[in-house]
**Student:** 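What follows is a single structure, and I will ask about it in a moment.
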2 protein chains.
Amino acid sequence: MTGVDEPAHRNGRIRDAARTRAEILDVATEEFARSGYAGARVDEIAARTRTTKRMIYYYFGGKEQLFTAVLERAYSVIRQAEQALDVEHLDPVAAIRRLTELTFDHHEAHPDFIRLVSIENIHEAEHIAGSEELGRISSPALEVTGRILQAGRASGLFTAHVDAVDLHALISSFCFFRVANRHTFGVLFGRDLTAADQREHYRNMLGDMVIAYLTADRSAD
Amino acid sequence: MTGVDEPAHRNGRIRDAARTRAEILDVATEEFARSGYAGARVDEIAARTRTTKRMIYYYFGGKEQLFTAVLERAYSVIRQAEQALDVEHLDPVAAIRRLTELTFDHHEAHPDFIRLVSIENIHEAEHIAGSEELGRISSPALEVTGRILQAGRASGLFTAHVDAVDLHALISSFCFFRVANRHTFGVLFGRDLTAADQREHYRNMLGDMVIAYLTADRSAD
DNA sequence: TCAGTAACGTACTAGTTCGTACATTAGTTG
DNA sequence: CAACTAATGTACGAACTAGTACGTTACTGA
C-alpha cells in the first residue's frame, strides 16, 4: 500500500525540492555532529538520504556551504525556543531561575547542537562569520534577560555588576560544559555529569549559584 | 658556525630519540589543535618536524596513537601546574578564590589544550578511554579542593551542598567556555570574552560567583 | 674494530573523498 | 500538448592521505 500523498511513479521518484533539502540538512546535522567537519563524509550523508550526492551540490554548492546551512538552521531552532520564554509576570529571582532552567533544559535536549558549536569553534567560527542573520536572531533572548536584570536592580534585589551578555555567558557555560565535555570529564573524574538521577541536582545547583551571585551582599564593596 | 652540542655529521643528521619524539609531539599538538583529529594531516605534521613521516609510525604506531600521546602529555602538563597550588595556609574563602584564579589563568594560557579537549569530546573520549593513568593524575587536584571545602564547612562559612568534583566542574565550565567558544560567542553576541581589557572583569566575576554560591545564606532551606 | 641494533630516510601504493560531466525525468506554462 | 525548466540519477576522475616495503647510517658494546 502506497502513501496517500506520495504518488507512485515508475521508479518511485517524486519531486519535492523542500523535502529533499530538509532531508539533506537533517542527515548532515547528524553526520557533522558525529564526526566533525573534516571527519564527516559527503558520500555518507548522501547514502543516508533518499537522494544522491549530486543533490547536495545542487542545493548547497559544497561541503562547506552545507555545514554553514546546518549551523544556521541549528541556531535558529534554539533561538526560537528561547523566544517562547514567558517570564515577564514573575519576580526577578523567579524569572532568572526560570531562564536558567530553560537554558539548562535546552542544552540537555540538544546535544547535537552543542557538538556543532564545539566543532565550529575549532574552526574559529569561519563558517558563520559574517552572518548578520545570526547576530540578529541572538539579540531577542538577551533583551528578555536585560529586562529581568533591570527589574532586579531597580528593586534592590540584584547587586552584581553584570549585563545580559555576561549573564548569558555565565549560565550557558555550565550548561554547555556539562554536555559537551561529559566524556572526558567522565574518564578523568569518574563522574557522569549527565546521569539522569543527577539532573535535578545540577539544575538546582546552577540556579542556586546564579541567584546567589546576583543577590549577594555587597555591602563590603 | 655550528652549534656546540650539535655535532655536524655528513648530512647534519644526528640521533636523538627523545628529541625527535618530543618534536613530533610538539608539532602534532599544534596540528591536531588547529584542524581537529580528522582534519590534521600526518604528512603536514611530518613536514613541520626535522624528521620524516616514517618516524611518526616508528615512535607512535599511527595517527590514532599519536593523538592519544598528544592528549596524555597535554593533560599531564596541566595537572602538574595544579600540583603547585599552595593554599593550605589561606582561609577557605581566599583559598577558593586562589583556586578559581589559577584555573582561570591556566585556561587562558593553554588554548591549544582546550581545543584538544573539545576535539576529544567530539570523539566521545575514545582515545583516552581506559587510561587509568589520567584518572590517577586528576585526583590530587581534587583533594586540595576537597580539603578547602571541608575547612569552609567546618567553620560554618560554606553552606552549599557540593563536593570537590562538582565545584571543579562549576569553576572549569566558565573558564573553558570563555576560551573554547569565544569565536561563535563573538559572532553571535558581538563580544570578545577573551579581550585583554576584560580579563580582570571576568576573573573577578567568576571568583565572586563561586564565593557567593558557597557562602550564600541558606537559612530558608 | 667490528658486528649488531636503534634510529632514520625515500619512494611508493592502495584506498578514499570531494567534486563534476553527462544523461534523464517530472512538473509547468503558454 | 509541446516546449521548457527544475529536479534528479549515474558514472567517473583527479587529488589526497594513511600507511608501508625497503634501504641506509649512526651509535654501542664486546
Side-chain angles (χ1 to χ4, degrees), chain A residues 2-3 5-28 30-32 34-70 119 123 126-127, chain B residues 2-3 5-28 30-32 34-70 119 123 126-127:
Chain A
T2 48
D5 50 8
E6 303 219 352
H9 286 119
R10 195 129 47 89
N11 41 6
R13 189 162 144 196
I14 44 158
R15 308 204 149 188
D16 188 338
R19 202 209 55 182
T20 302
R21 234 188 93 99
E23 192 179 343
I24 292 172
L25 276 180
D26 287 342
V27 175
E30 277 179 41
E31 178 72 4
F32 280 123
R34 168 166 39 219
S35 308
Y37 174 73
R41 300 287 165 241
V42 177
D43 284 294
E44 177 67 19
I45 294 170
R48 283 164 51 193
T49 62
R50 273 174 293 184
T51 184
T52 63
K53 182 165 59 156
R54 178 71 184 76
M55 288 298 97
I56 293 176
Y57 289 90
Y58 183 71
Y59 284 112
F60 299 96
K63 189 181 182 183
E64 294 228 9
Q65 295 100 309
L66 175 60
F67 186 58
T68 301
V70 163
I119 291 162
H123 298 280
E126 64 172 289
H127 302 95
Chain B
T2 48
D5 50 8
E6 302 220 352
H9 287 116
R10 194 129 48 92
N11 40 6
R13 191 163 144 197
I14 44 160
R15 307 200 150 190
D16 188 338
R19 201 209 55 183
T20 302
R21 234 188 94 99
E23 192 180 344
I24 291 172
L25 276 179
D26 287 341
V27 174
E30 277 179 42
E31 178 73 4
F32 280 122
R34 167 164 43 217
S35 308
Y37 175 72
R41 300 287 165 241
V42 177
D43 283 295
E44 177 66 19
I45 294 170
R48 283 163 53 195
T49 62
R50 273 174 292 184
T51 184
T52 64
K53 182 164 60 157
R54 178 71 183 76
M55 289 298 98
I56 293 176
Y57 289 89
Y58 183 71
Y59 284 113
F60 299 96
K63 190 182 181 182
E64 295 228 9
Q65 296 98 310
L66 175 60
F67 185 58
T68 301
V70 162
I119 292 162
H123 298 280
E126 64 173 286
H127 302 96

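Quick note: numbers below take in every heavy atom, side chains included, and nothing from hydrogens, waters or symmetry partners.
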**Student:** Please state how far atom CD in B:Glu31 lies from atom C1' in D:dT17, giving the value in whole angstrom units.
**Tutor:**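 These atoms are roughly 13 Å apart.
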**Student:** At under 4.0 Å between heavy atoms, what does B:Ala40 touch on the DNA or RNA strands: base, sugar-phosphate, or nothing?
**Tutor:**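 Sugar-phosphate, no base atom in range.
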**Student:** Starting at atom CD of A:Glu23, determine the distance to atom P of D:dT8, rounded to an integer number of angstrom.
**Tutor:**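 After rounding, the reported distance stands at 10 Å.
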**Student:** Within 45 degrees of the ring normal and closer than 6.0 Å to the centroid, is that where the cationic atom of A:Lys63 sits relative to A:Tyr37?
**Tutor:**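 Because its charged atom sits under 6.0 Å from the ring centre and within 45° of the axis, A:Lys63 does stack over A:Tyr37.
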**Student:** Output yes when at least one side-chain N/O atom of B:Thr20 is less than 4.0 Å from OP1 or OP2 of C:dA7, else no.
**Tutor:**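 For C:dA7, neither OP1 nor OP2 has a side-chain N or O of B:Thr20 closer than 4.0 Å.
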**Student:** Tell me the interatomic distance from B:Glu44, atom CD, to D:dA18, atom P, rounded to whole angstroms.
**Tutor:**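 Taking CD of B:Glu44 and P of D:dA18, I get 11 Å after rounding.
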**Student:** Report the distance from atom CZ of A:Arg21 to atom C1' of D:dA6, rounded to the nearest whole Å.
**Tutor:**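 For the pair A:Arg21 CZ and D:dA6 C1', the rounded distance is 15 Å.
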**Student:** State which of D:dA18, C:dT10, D:dA7 makes the closest approach to the side chain of B:Thr52.
**Tutor:**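 Nearest nucleotide to the side chain: C:dT10.
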**Student:** Judged by atom type as modelled, is there a donor-acceptor pair below 3.5 Å linking the side chain of B:Arg50 to the main-chain atoms of B:Ala47?
**Tutor:**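 Such a contact is absent between B:Arg50 side chain and B:Ala47 backbone.
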**Student:** Classify the side chain of A:Lys53 versus the base of C:dG19 as yes if they form a donor-acceptor pair under 3.5 Å and no if they do not.
**Tutor:**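 Check passes, donor-acceptor contact within cut-off.
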**Student:** Does A:Tyr59 put a side-chain nitrogen or oxygen below 4.0 Å from OP1 or OP2 of D:dT8?
**Tutor:**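 Answer yes for this pair, as a side-chain N or O of A:Tyr59 is under 4.0 Å from OP1 or OP2.
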**Student:** Are any of the side-chain heavy atoms of A:Ile24 and A:Met55 separated by less than 4.5 Å?
**Tutor:**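 In contact.
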**Student:** Counting side-chain heavy atoms from CB outward, which of D:dA6, C:dC18, C:dG9 is closest to A:Val42?
**Tutor:**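 Among D:dA6, C:dC18, C:dG9, the one nearest the side chain of A:Val42 is C:dC18.
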**Student:** Separation of A:Ile45 atom CD1 from C:dT17 atom P, in whole Å?
**Tutor:**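 Taking atom P of C:dT17 as the reference, CD1 of A:Ile45 is at 12 Å.
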**Student:** Rounded to whole angstrom units, what separation is found between the CZ atom of A:Arg54 and the P atom of C:dT24?
**Tutor:**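 So the two atoms are 15 Å apart, to the nearest Å.
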**Student:** Using whole Å, what does the distance between atom C1' of nucleotide C:dG15 and atom CZ of A:Arg41 come to?
**Tutor:**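 After rounding, the reported distance stands at 12 Å.
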**Student:** Nearest whole Å is fine: how far is C:dT13 P from B:Tyr57 OH?
**Tutor:**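 Spelled out: OH on B:Tyr57 to P on C:dT13 is 17 Å.
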**Student:** Apply the test side-chain contact (heavy atoms from CB on, under 4.5 Å) to residues B:Phe32 and B:Ile45: give CA-CA distance (whole Å), side-chain angles for both, the deciding distance (0.1 Å), then the verdict.
**Tutor:** CA-CA 9 Å; B:Phe32 280 122; B:Ile45 294 170; 4.2 Å; yes
**Student:** Taking 4.0 Å as the cut-off, does a side-chain nitrogen or oxygen of B:Arg15 come that near to OP1 or OP2 on D:dT25?
**Tutor:**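 No, B:Arg15 has no side-chain N/O under 4.0 Å of OP1/OP2 on D:dT25.
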**Student:** Measure the CG-CD distance between B:Asp43 and B:Glu31 for me, rounded to the nearest 0.5 Å.
**Tutor:**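 Answer rounded to 0.5 Å: 10.5 Å.
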